[in-house]
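Numbers restart at 1 for each chain; the letters A, B, ... are given by sequence-line order, proteins then strands. Keep in mind that what you see is a predicted model, and the values were worked out from it rather than measured.
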Number of protein chains: 2
Amino acid sequence: MTPRKTGEQRKAEIIETALLLAAELGPDRITAEAIAIRLGISQPAIFKHFPRKGDIWDAVIDWLARSLGRVWTESTTDEPPEQRLFALLDAHFAFIAAHPAVPLVLLSPELQARHPPLRQTIMRLMALFHTELRQAINAGPSPPGNADQRAWMMLSLVQGIAVRWALSGHAFDIRAEGGELVRLVW
Amino acid sequence: MTPRKTGEQRKAEIIETALLLAAELGPDRITAEAIAIRLGISQPAIFKHFPRKGDIWDAVIDWLARSLGRVWTESTTDEPPEQRLFALLDAHFAFIAAHPAVPLVLLSPELQARHPPLRQTIMRLMALFHTELRQAINAGPSPPGNADQRAWMMLSLVQGIAVRWALSGHAFDIRAEGGELVRLVW
DNA sequence: CGTGCTAGTAAGTTAGCACTTACTTACCAA
DNA sequence: TTGGTAAGTAAGTGCTAACTTACTAGCACG
């Protein structure tokens, strides 16, 4: 029998593996068996920890929302005000670079169709990111004009860069190129 | 028996329906049966026209690539040079507004995993769009600096807007808001 | 008017994948 | 030491969706 682990350990491993595989296959093509093989356990063992497959997505999304929230708020602690926006965006890019599946999970229409709760979380996360961006924009030496709209613009730009990075097969350094493009706009 | 149509007519209908359903369910969740029901014919009839399901995607992607190419080149005919960029982007947004599934099909990692040829077409299309953007940028009263990078920035912004529009359930007017954001950046 | 072609149908077959059942074994606590 | 709990397994079940087979029927043309 395979080495036994505690439920909490296995749950964490399953979540981690789901994110890993999501980057390779697309989030909606992950099977319980694929996760099990990757972890060296049998397929039904997965369902011991997450009775329905949707529960895995609940857990992944929960982890994602927590992590992103933490990344955003912690990035803006003690920067000089005009750097707050860049620090926020850099932290975001760094997180995506470390977890390439993040944009795929958040943006997958297939997963949203199969798993409706995802949609709400995404809208909440986008609103939260928008708020953080707006605050960072207002904190800096802002050009005149609509900070709200500028924040939406930055949000779209960041999402677009992330999507392009995923499509290209991670062919460029998203943190470096993202930072450049963001500064170019500003 | 259902009214008979020519093969060409049916093929066109199937492609159109696939795009319609892609916007509702996500591209990788479309079934041959869903298309058949929508068209009022039986499921095997689909396979008369497209022996493998992947053939439908080949046709959809081909239509998409042609249409986008046409939209881009035809938008830049007789504008005053400084308006060329905005005309190009407006044409792009208008096309997406008319065919909401376009960004989903192009960006679906599930579909890419299932149907590898898609990936190449996407990269080609992105490169083409980038070229068009760069030319439009160079044609206008360009600020100093890297037109190449500006074109990537615009491309990312446009993709980000399209993705956000799709995620929001088409909750805003992409042509109007896209135009505003693009002008804000410029 | 009939013959060949092609769009269509009903009723399969097969494969993949979520999930179940019935059992086994590791591990901790009384 | 032992007995309950929880992690694990092998071998299913059932559903969904791609694709097949064998047949039927419109339609253009000689």
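Rounded to whole Å, atom P of dC17(C) lies 14 Å from atom CZ of Arg29(B). Put simply, CD1 on Ile37(A) is 12 Å from P on dG16(C), counting in whole angstrom units. Atom C1' of nucleotide dA18(D) and atom NZ of Lys53(B) are separated by 8 Å, given to the nearest angstrom. To the nearest angstrom, C1' of dC15(D) lies 13 Å from CZ of Arg114(A). Rounded to an integer number of Å, the gap from Ile14(A) CD1 to dG8(D) C1' is 12 Å. Whole-Å rounding puts the Phe47(B) CZ to dA10(C) C1' distance at 16 Å. Between the P atom of dT20(C) and the CD atom of Glu33(A) lies a distance of 17 Å, rounded to the nearest Å. For the pair Asp28(A) CG and dG16(C) P, the interatomic distance rounds to 17 Å; values are reported in whole Å.
Distance from the side chain of Ser42(A) is smallest for dA10(D) among the nucleotides dA10(D), dA17(D), dG8(C). When distances run from any side-chain atom of Lys48(B) to the nucleotides dG8(C), dT20(C), dG8(D), the shortest one goes to dG8(C).
Residue Ala45(B) is classed as a base contact, given a heavy-atom separation below 4.0 Å to a base. In this structure, Ile30(A) reaches the sugar-phosphate backbone alone: every heavy-atom distance under 4.0 Å involves primed, P, OP1 or OP2 atoms, never a base.
A perpendicular orientation is assigned to the rings of His99(B) and Trp63(B), their planes being inclined by more than 60° (bins at 30° and 60°).
Under a cutoff of 6.0 Å and an axis angle of 45°, Arg52(A) and Phe47(A) do not form a cation-pi pair.
Residues Gln43(A) and Pro44(B) each lie close to DNA chain C; by heavy-atom proximity, the contact nearer the 5' end of the strand is made by Pro44(B). Sequence order on DNA chain C of the closest nucleotides to Thr31(A) and Pro51(A) puts Thr31(A) first from the 5' end.
Neither OP1 nor OP2 of dA7(C) sits under 4.0 Å from any side-chain N or O of Arg10(B). For His49(A), a side-chain nitrogen or oxygen approaches OP1 or OP2 of dG8(D) to under 4.0 Å. In terms of phosphate contacts, Arg52(A) brings a side-chain nitrogen or oxygen within less than 4.0 Å of OP1 or OP2 of dT20(C).
Summarising the local packing, CD of Glu24(B) is surrounded by more than 12 heavy atoms from other residues, nucleotides or ligands at distances under 6.0 Å. No more than 12 heavy atoms of other residues, nucleotides or ligands sit less than 6.0 Å from atom CD of Glu33(A).
Asp55(A) and His49(A) share no donor-acceptor pair across their side chains, judged by distance under 3.5 Å alone.
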